[in-house]
Amino acid sequence: MKHWMGMPVAAALLLSACVTINVYFPAAEAKEAAKEFVEKVINDADKVEIKETPAAGGGMAMLDRRIELDLSGFDPWALVGIGSARAQSAPDISIKTPAIQAIQSRMEARFNGSLRAGFDSGALGFTSDGLITVRDASKVELKDRVALNSAVADDNRDRKAVYREVAVANGHPEWEDQIRGVFAKQWIASAKAGWWYQAGGGWKQK
């Protein structure tokens, strides 16, 4: 009797272990989220893939039938497999929180207001760590340099903030460095022809 009474506790502990141990960084989902964010900022909205949700009728009916089948042959030990499968499946990376969208709006306005011209002229470049920098100040008129430096500093502050916010919003603050790495690659991938970026310790032009 004591042996069987301990079974639910053991199952619960095992389920908890499966859920926490197998969580991993969802690189593919992070890349898609970064692409959506970056291309919105640099006004490449036509390249952002919009995924349509299934119609309420057919999609929900299929989901309801699937749930009904799952519950009909209920086995307590199946919870262990379900927990492990859910933990192993990659979660969606959300960038739709108010904080992230506020940062995105600021960056988009700043990019259109001053940074785009700097990238077009070759004055600015994307760094390998997900930030931007003044690559060639000679491309900027003297009277405009203070304003551009200020815009770059503001943008880098927002960039650091958004990498942190994306990680926190998705329940994994420890993912911040990985999120930053994914975004760093995406800024370069989405850069326009003629823009500069850091690679291999030097500067390259797309």
Side-chain angles (χ1 to χ4, degrees), residues 19-56 59-60 63 83 85-120 124-134 148 150-193 195-199 206:
V19 171
T20 56
I21 291 174
N22 294 325
V23 173
Y24 63 96
F25 179 68
E29 288 77 5
K31 183 177 179 180
E32 286 300 312
K35 181 179 179 181
E36 181 179 347
F37 184 97
V38 167
E39 294 189 346
K40 176 72 162 54
V41 169
I42 64 176
N43 278 347
D44 274 355
D46 57 312
K47 293 185 180 179
V48 177
E49 180 182 359
I50 301 175
K51 298 180 180 179
E52 296 182 0
T53 55
M60 283 304 295
L63 178 61
R86 286 180 178 175
Q88 291 175 357
S89 64
D92 291 332
I93 295 292
S94 173
I95 56 172
K96 300 300 184 183
T97 68
I100 294 173
Q101 291 188 313
I103 296 172
Q104 187 180 45
S105 295
R106 289 199 304 269
M107 292 180 67
E108 184 179 3
R110 188 182 301 117
F111 204 90
N112 290 326
S114 58
L115 298 182
R116 183 184 302 280
F119 279 100
D120 288 342
L124 301 180
F126 293 109
T127 66
S128 58
D129 60 353
L131 303 179
I132 62 174
T133 190
V134 177
L148 184 61
S150 178
V152 167
D154 289 343
D155 207 64
N156 282 336
R157 188 159 43 247
D158 275 341
R159 285 165 179 265
K160 293 175 183 178
V162 81
Y163 306 148
R164 181 175 60 253
E165 286 293 336
V166 170
V168 171
N170 288 278
H172 289 277
E174 71 278 10
W175 285 351
E176 181 178 343
D177 287 343
Q178 291 163 289
I179 293 291
R180 182 172 180 153
V182 171
F183 269 77
K185 292 178 180 178
Q186 188 60 52
W187 288 112
I188 295 171
S190 297
K192 303 289 190 180
W195 290 3
W196 292 83
Y197 63 95
Q198 279 183 343
K206 285 196 81 174

Original post:
Can you list the steps and then say if Glu36 with Lys96 is a side-chain contact (heavy atoms from CB on, under 4.5 Å)?
Top reply: CA-CA 11 Å; Glu36 181 179 347; Lys96 300 300 184 183; 2.7 Å; yes
Subject >> Audit row: Leu124, Thr133, side-chain contact (heavy atoms from CB on, under 4.5 Å) steps and yes/no >> reply: CA-CA 6 Å; Leu124 301 180; Thr133 190; over 6 Å; no
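The nearest pair of heavy atoms linking Thr97 to Ala169 is CG2-CB, 3.7 Å. Of all non-hydrogen atoms in Asp155 and Arg110, the two that sit nearest each other are OD1-NH1, 2.8 Å. Residues Ser114 and Leu148 come closest through the heavy atom pair O-CD1, 4.3 Å. The two residues Ile42 and Arg116 make their nearest non-hydrogen contact at O-NH2, 3.3 Å.
Between Trp175 and Phe25, the ring planes lie perpendicular to each other; the angle is over 60°, past the 30° to 60° tilted range.
Looking at Phe37 and Gln104, their side chains come closer than 4.5 Å, going by heavy atoms from C-beta outward. Taking the side chain as every heavy atom from C-beta outward, Ile93 and Glu32 never approach each other to under 4.5 Å. Residues Leu131 and Phe126 have side chains not in contact (no heavy-atom distance under 4.5 Å, counting atoms from C-beta outward).
Lys40 places no side-chain N or O within donor-acceptor distance of the main-chain N or O of Ser105, the cut-off being under 3.5 Å. Between the side chain of Asn156 and the backbone N or O of Ile132, at least one donor-acceptor pair lies under 3.5 Å.
Considering CG of Leu115 and CG of Asp154, their distance stands at 9.5 Å, rounded to 0.5 Å. For the atom pair Tyr197 OH and Thr127 OG1, the distance stands at 13.5 Å (nearest 0.5 Å). Atom CG of residue Asp158 and atom CE of residue Met107 lie 6.0 Å apart, to the nearest 0.5 angstrom.
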Can you give me every donor-acceptor pair (side chain of residues 160-168, partner residue at least two apart or in another chain, under 3.5 Å) with its distance?
{"unit_1": "Tyr163", "atom_1": "OH", "unit_2": "Gly130", "atom_2": "O", "d": "2.6"}
{"unit_1": "Tyr163", "atom_1": "OH", "unit_2": "Trp187", "atom_2": "NE1", "d": "3.0"}

Let me check something: any side-chain donor-acceptor pairs from residues 176-186 under 3.5 Å, sequence neighbours excluded? List them with distances.
{"unit_1": "Arg180", "atom_1": "NE", "unit_2": "Asp129", "atom_2": "O", "d": "2.8"}
{"unit_1": "Arg180", "atom_1": "NH2", "unit_2": "Asp129", "atom_2": "O", "d": "3.4"}
{"unit_1": "Gln186", "atom_1": "NE2", "unit_2": "Ser190", "atom_2": "OG", "d": "2.7"}

